[in-house]
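Structure, as structure tokens:
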Amino acid sequence: MAEATVDRRRLVPRTDAVLADPRLVDAAARLGRAPVKAAVVAAQQRARTGELDPADVAAAALAALPETAGGLRTVLNATGVVLHTNLGRAALSPAALAAVAAAGAHTDVELDLATGVRARRGRTALAALAAAVPAAGDVHVVNNGAAALVLTATALAAGQEIVVSRGELVEIGDGFRLPDLLESTGARLREVGTTNRTALADYAAAIGPQTGFILKVHPSNFVVRGFTKAVDVSELTGLGVPVVADIGSGLLAPDPLLPDEPDAATTLRAGADLVIASGDKLLGGPQAGLLLGAAALIEQLRRHPLARALRVDKLTLAALQATLTGPTTPTWQALRYDLGSLRARTERVRDQLAGVELVESVAVVGGGGAPELELPSWALSLPDRYAAALRLGATPVVGRVERGRLLLDLRCVPEERDPDLILAIRTALGAGGR
Ligand SMILES: *Cc1c(COP(=O)(O)O)cnc(C)c1O
């Protein structure tokens with residue numbers, strides 16, 4: 001036994017020798033030397049314990065390496081949740097990804113190449129956003145929806161009051177509550193109405209010289225039903241103070257598929273002075289906070305010192321513009337996936353797998369949007385004990401578990417990844433689950 005161990009140890013190739021393997025030299029050029037060396041050391045260790053054939057050390061190290069040095073792994077989202085918060089909400093379009101890659105180099109983000117002088121940062125992306133919503137006097141973009149709220153509260157209401165309905169003091173997710181966020185700016189919340197009912201008179205009675213603005217928040221992740229009353233933006237515009245509407249999801253114009261989701265254009269036409277939305281929800285773009293509204297207010301926000309701390313990266317600006325002007329996004333496509341095509345595709349995949357069934361399923365928007373909308377869908381169904389193996393495979397696949405079954409809805413999986421999906425399922429089934 002001891003002798004066998006010694007023999008095996010002698011057969012394990014030396015680190016330098018493994019690192020000289022051309023495939024690992026390539027990997028080191030792509031990923032850096034440290035992670036490649038760590039993978040080699042881990043594979044050598046497995047060879048010493050007999051878990052791995054010493055001849056396979058280089059191959060095992062290679063297989064354990066990530067596709068990029070970025071740390072984040074591409075996941076096939078088979079959850080049927082189009083904007084899955086834990087999977088990074090919107091997947092960028094190929095056009096946006098190409099724009100990000102180009103923007104990663106030195107770019108003209110703040111330089112006018114024609115004159116050689118400094119130009120407004122991200123001017124083309126801002127122009128694209130303004131063009132997409134002609135009802136906006138001007139636009140600005142910050143890091144995310146929460147940053148847009150913080151900038152607005154700080155610039156327009158620090159030391160003053162934000163008048164807001166009690167029914168709209170929502171928790172966004174992961175314990176983040178809008179009221180806490182707003183109060184962190186030094187603004188005071190003047191809560192009006194009740195959880196289920198707020199009237200125009202409630203707002204009117206709270207308005208005074210201490211008012212910074214009225215905030216309307218779209219309760220994007222829940223629905224209140226029954227004995228309810230809320231005041232529309234159009235009714236609030238006559239009260240003599242700015243009306244700010246946080247619409248959440250980032251629809252720029254009405255979408256018949258999502259009749260209950262507010263959109264920027266309609267909200268501005270209803271009289272909102274400022275509209276706040278996220279870039280990576282229904283718009284299907286990068287994480288960003290969109291601010292659209294009266295030119296004077298936007299200018300006030302842009303000039304506030306805090307704006308610099310919340311400004312977006314050039315990668316975001318590039319992805320946003322490509323999202324606004326480019327082809328339809330994966331989010332848009334997933335929401336409109338033709339049911340017959342989805343079924344046929346899911347059947348084709350199923351036919352290449354043993355022990356997997358086709359079932360009806362229900363997909364949802366997710367990301368705190370359109371909480372009541374159900375999208376009829378189709379899914380592969382397999383025993384839920386394969387869930388971990390699928391998550392942990394070479395191509396991570398995340399599905400959802402329902403009543404002991406793991407459902408894999410292909411709606412949000414790019415069709416060109418079907419071969420990888422099939423291989424991942426076969427591998428998981430072959431391993432017998434865990
Ligand atoms: C999602 C959401 C936010 C937060 O936006 P982030 O981009 O996640 O920071 C704020 N308000 C509403 C109504 C939302 O739906």
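Ligands are counted one by one from 1 in listed order, and the atoms in each one are counted from 1 as well.
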Under 3.5 Å between any N/O of [X] and any N/O of ligand 1: does that happen in this structure?
| X | answer |
| --- | --- |
| Asp246 | yes |
| Gly145 | yes |
| Lys281 | yes |
| Ser249 | no |
| Ala146 | yes |

More than 12 heavy atoms of other residues, nucleotides or ligands under 6.0 Å from [atom1] of [X]: is that the case?
| X | atom1 | result |
| --- | --- | --- |
| Glu416 | CD | yes |
| Arg177 | CZ | no |
| Leu113 | CG | yes |

Quiz item: To the nearest 0.5 Å, what is the distance between CD (Glu67) and CG (Leu65)?
Solution: 11.5 Å
Self-check item: Per-atom contacts of ligand 1 with Gly248, taking only distances under 4.0 Å to non-hydrogen atoms
Solution: 12 (C), 13 (C), 14 (C), 15 (O)
Quiz item: What are the atoms of ligand 1, with element, lying closer than 4.0 Å to any heavy atom of His218?
Solution: 13 (C)
Quiz item: Heavy atom under 4.0 Å from ligand 1: found in Arg89's side chain, backbone, both, or neither?
Solution: side chain
Quiz item: Is the backbone N or O of Leu181 less than 3.5 Å from a side-chain atom of Ser184, with the two atoms forming a donor-acceptor pair by type?
Solution: yes
Self-check item: Any donor-acceptor pair under 3.5 Å from Arg166 side chain to Gly193 backbone
Solution: yes
